[in-house]
Amino acid sequence: MVTEQQVRESLEEVLVPSAMRSLVKLNLVREIVISDQKVDITLVSAALNSSAQDWLKSKVGDTIKQLPGVSQANVNFVQAASKEVNDVDYVVAVMSGKGGVGKSLVAALLGIALARQGKEVGILDADVTGPSIPKMFGLSGVRPGSSETGILPVLSKLGISIMSINLLLEHEDDAVIWRGPIISKVIQQFWEDVLWGKLDYLIVDLPPGTADAPLTVMQTLPVSGVVIVLSPQELATMVVKKAIRMAKQMNVPILGVVENMSYFTLPDSGKRLELFGKSKGKEMAEIAGAPLLAQIPIDPQLAQLCDEGKIERYSSETFDSLSQNFIQALPIKTKQS
Ligand code: ADP
C-alpha cells in the first residue's frame with residue numbers, strides 16, 4: 001500500500017501555477033487519507049483562482065495515480081484564507097531613520113544571503129510610497145496571480161517570494177499618495193492576504209522613519225528582530241537614535257546595524273574616501289546594543305545591478321561578511337505563534 005510519505009513527496013513536485021512553488025511549500029495540503037488503493041487529498045484554495053484549482057485537481061490526480069498501488073485519486077479543495085495557511089518562522093524588519101540611505105537595498109541583500117543558504121525566503125515591500133524592491137529583482141511589470149480571496153507573491157530568480165505595491169499598480173511609476181492609516185492597512189493586507197505559505201524568513205522592507213506605518217508593522221506583525229540601516233551623511237544621528245528608541249519601546253530586538261555608503265575606494269590607488277563624512281556605524285551599533293553587521297561602500301557595480309534588476313548576481317567581500325554576520329545575529333528560538 002502507498003504511504004502518506006510517498007503521496008506527500010509527490011505533492012512536493014507539483015508546482016502551483018503563478019506562484020511556482022510546490023503545494024507542500026505553500027502549505028496547501030490539508031489532508032491525505034489512504035484506504036486500500038484509494039487516495040483522498042484535500043487541498044486549501046487560499047489565493048488560488050478557479051482555473052488554478054481545476055488545473056491542480058487534474059495534475060494532482062494524475063500524479064498520484066502514477067504511484068504504485070494507487071487505482072483511484074480524489075482531489076478536492078476547501079476554502080481557507082491565506083493567513084490560516086501562512087506559516088512564517090521569522091519576520092525580520094529593515095528600518096532606517098530616513099529615506100534614501102539604501103534600506104531597500106540592504107533588505108534585498110539580507111534576503112539574498114538567506115536564499116543562498118537554501119532558506120525559504122520572502123520579501124514584503126512595505127515601503128509603499130517608495131517601493132524599489134521589484135525593480136532591483138528585475139520584476140517590474142510582472143503581474144502577481146490573484147483571486148477574490150488573496151494574492152500570490154512573485155518569485156525571483158533565486159526563488160525569493162516577493163510582494164510589493166508596485167506589482168499591483170497599473171503603471172509602475174504611479175505615485176502612491178495614501179496617508180498613514182491606508183498605508184498601514186495595505187501592509188497588514190500584504191501580511192494576511194498574500195499566500196506566503198511556509199517560509200523560514202520574511203524580510204520586511206519598512207517605510208523610512210518612525211511614523212505610523214513602521215509602527216503598525218511592529219505592532220501587527222510578529223517581528224522577531226529589526227536591522228537598522230544608516231548612512232554617514234545623515235546630518236544628525238538623531239533620526240537613527242529615534243529608530244533605535246522605537247524598536248526598543250516596541251520590545252523588538254535589534255539584530256544589527258548596517259552602515260551603507262560608508263566610503264568609496266579609488267580604483268587606481270585603492271585609497272578609501274569617506275565621501276559622506278566620518279563613519280558613524282560603530283557609534284550607532286553601540287547605542288543600539290547590537291553588532292555592526294557591515295559597512296557597505298559606494299559601489300558603482302552595485303548601483304548598476306540594482307538599475308538592471310540583477311541584484312541577485314551581486315557578490316563582494318562586503319556582501320560575504322554582511323551575510324555571515326547577519327546569519328550569526330539571527331534569533332534561534334521556538335517558532336512564532
Ligand atoms: P532607501 O530604501 O533607503 O530609500 P534604496 O535602497 O532604494 O534606498 O537605494 C536607492 C538606490 O541607491 C539603489 O537602487 C541603488 O541604486 C543606490 N545605492 C544604494 N546603496 C548603494 C551603494 N552602497 N552603492 C551604490 N549604489 C547604492
Side-chain angles (χ1 to χ4, degrees), residues 92-113 123-140 156 160 162-167 172-173 175-176 183 187 190 203-211 213-214 217 226-235 237 239-240 242-244 246 256-267 272-277 279-281 284 292-323 325-326:
V92 175
V94 183
M95 71 187 299
S96 65
K98 68 177 191 75
V101 299
K103 173 184 48 59
S104 304
L105 173 80
V106 171
L109 293 178
L110 298 179
I112 293 166
I123 299 181
L124 189 165
D125 184 0
D127 194 351
V128 175
T129 50
S132 48
I133 293 285
K135 185 168 171 19
M136 288 181 195
F137 284 87
L139 299 171
S140 304
S156 78
I160 300 175
I162 293 176
M163 183 44 63
S164 166
I165 194 76
N166 251 9
L167 298 168
E172 197 197 18
D173 38 17
V176 173
I183 294 177
I187 296 170
F190 277 178
I203 306 284
V204 180
D205 181 13
L206 287 181
T210 47
V217 177
V226 295
V227 171
I228 294 180
V229 184
L230 61 115
S231 72
Q233 89 259 39
E234 293 196 18
L235 273 182
T237 45
V239 277
V240 186
K242 257 192 184 172
I244 293 171
M246 179 170 132
V257 171
V258 176
E259 187 175 63
N260 187 30
M261 306 192 220
S262 290
Y263 58 90
F264 178 71
T265 307
L266 288 175
R272 284 185 179 192
L273 294 184
E274 291 186 316
L275 284 181
F276 293 121
S279 166
K280 300 185 186 72
M284 287 302 120
L292 179 61
L293 301 178
Q295 290 178 296
I296 305 175
I298 298 170
D299 179 353
Q301 188 213 355
L302 186 52
Q304 191 180 345
L305 290 172
C306 285
D307 286 347
E308 290 175 350
K310 294 176 182 159
I311 180 99
E312 287 171 299
R313 293 193 188 171
Y314 184 61
S315 66
S316 69
E317 270 177 37
T318 311
F319 176 77
D320 291 344
S321 58
L322 170 68
S323 308
N325 293 337
F326 174 55

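Order of appearance sets the numbers: ligands from 1, and atoms from 1 within every ligand.
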Pairs under 3.5 Å, nitrogen or oxygen of ligand 1 with protein nitrogen or oxygen:
from     : atom 1 : to     : atom 2 : distance (Å)
ligand 1 : 2 (O)  : Lys103 : N      : 3.4
ligand 1 : 2 (O)  : Ser104 : N      : 2.9
ligand 1 : 2 (O)  : Ser104 : OG     : 2.8
ligand 1 : 3 (O)  : Gly100 : N      : 3.3
ligand 1 : 3 (O)  : Val101 : N      : 3.0
ligand 1 : 3 (O)  : Gly102 : N      : 2.8
ligand 1 : 3 (O)  : Lys103 : N      : 2.8
ligand 1 : 4 (O)  : Gly100 : N      : 2.9
ligand 1 : 6 (O)  : Ser104 : N      : 3.2
ligand 1 : 6 (O)  : Leu105 : N      : 2.8
ligand 1 : 7 (O)  : Ser132 : OG     : 3.1
ligand 1 : 8 (O)  : Gly102 : N      : 3.2
ligand 1 : 20 (N) : Asn260 : ND2    : 2.9
ligand 1 : 23 (N) : Asn260 : OD1    : 2.9
ligand 1 : 23 (N) : Pro297 : O      : 2.9
ligand 1 : 24 (N) : Asp299 : N      : 3.0

Practice problem: Write out all pairs satisfying salt bridge (charged side-chain N to carboxylate O under 4.0 Å, His left out) with one or both partners inside residues 295-309, taking only residues at least two apart or from two chains. | Solution: Glu308-Lys310
Quiz item: Of the options Leu109, Ile160, Leu305, which is the one that meets Glu312 in a side chain to side chain contact (heavy atoms under 4.5 Å, CB included)?
Solution: Ile160
Self-check item: Partners meeting side chain to side chain donor-acceptor pair (under 3.5 Å) with Ser315 (sequence neighbours left out)
Solution: none
Self-check item: Residues forming a side-chain contact (heavy atoms from CB on, under 4.5 Å) with Met261, sequence neighbours excluded
Solution: Phe276, Ile298
Self-check item: Ser156 side chain near Ile123 side chain, heavy-atom distance below 4.5 Å
Solution: no
Practice problem: Measure from the side-chain N and O atoms of Asp205 to the backbone N and O of Ala107, and report whether any donor-acceptor pair falls under 3.5 Å. | Solution: no
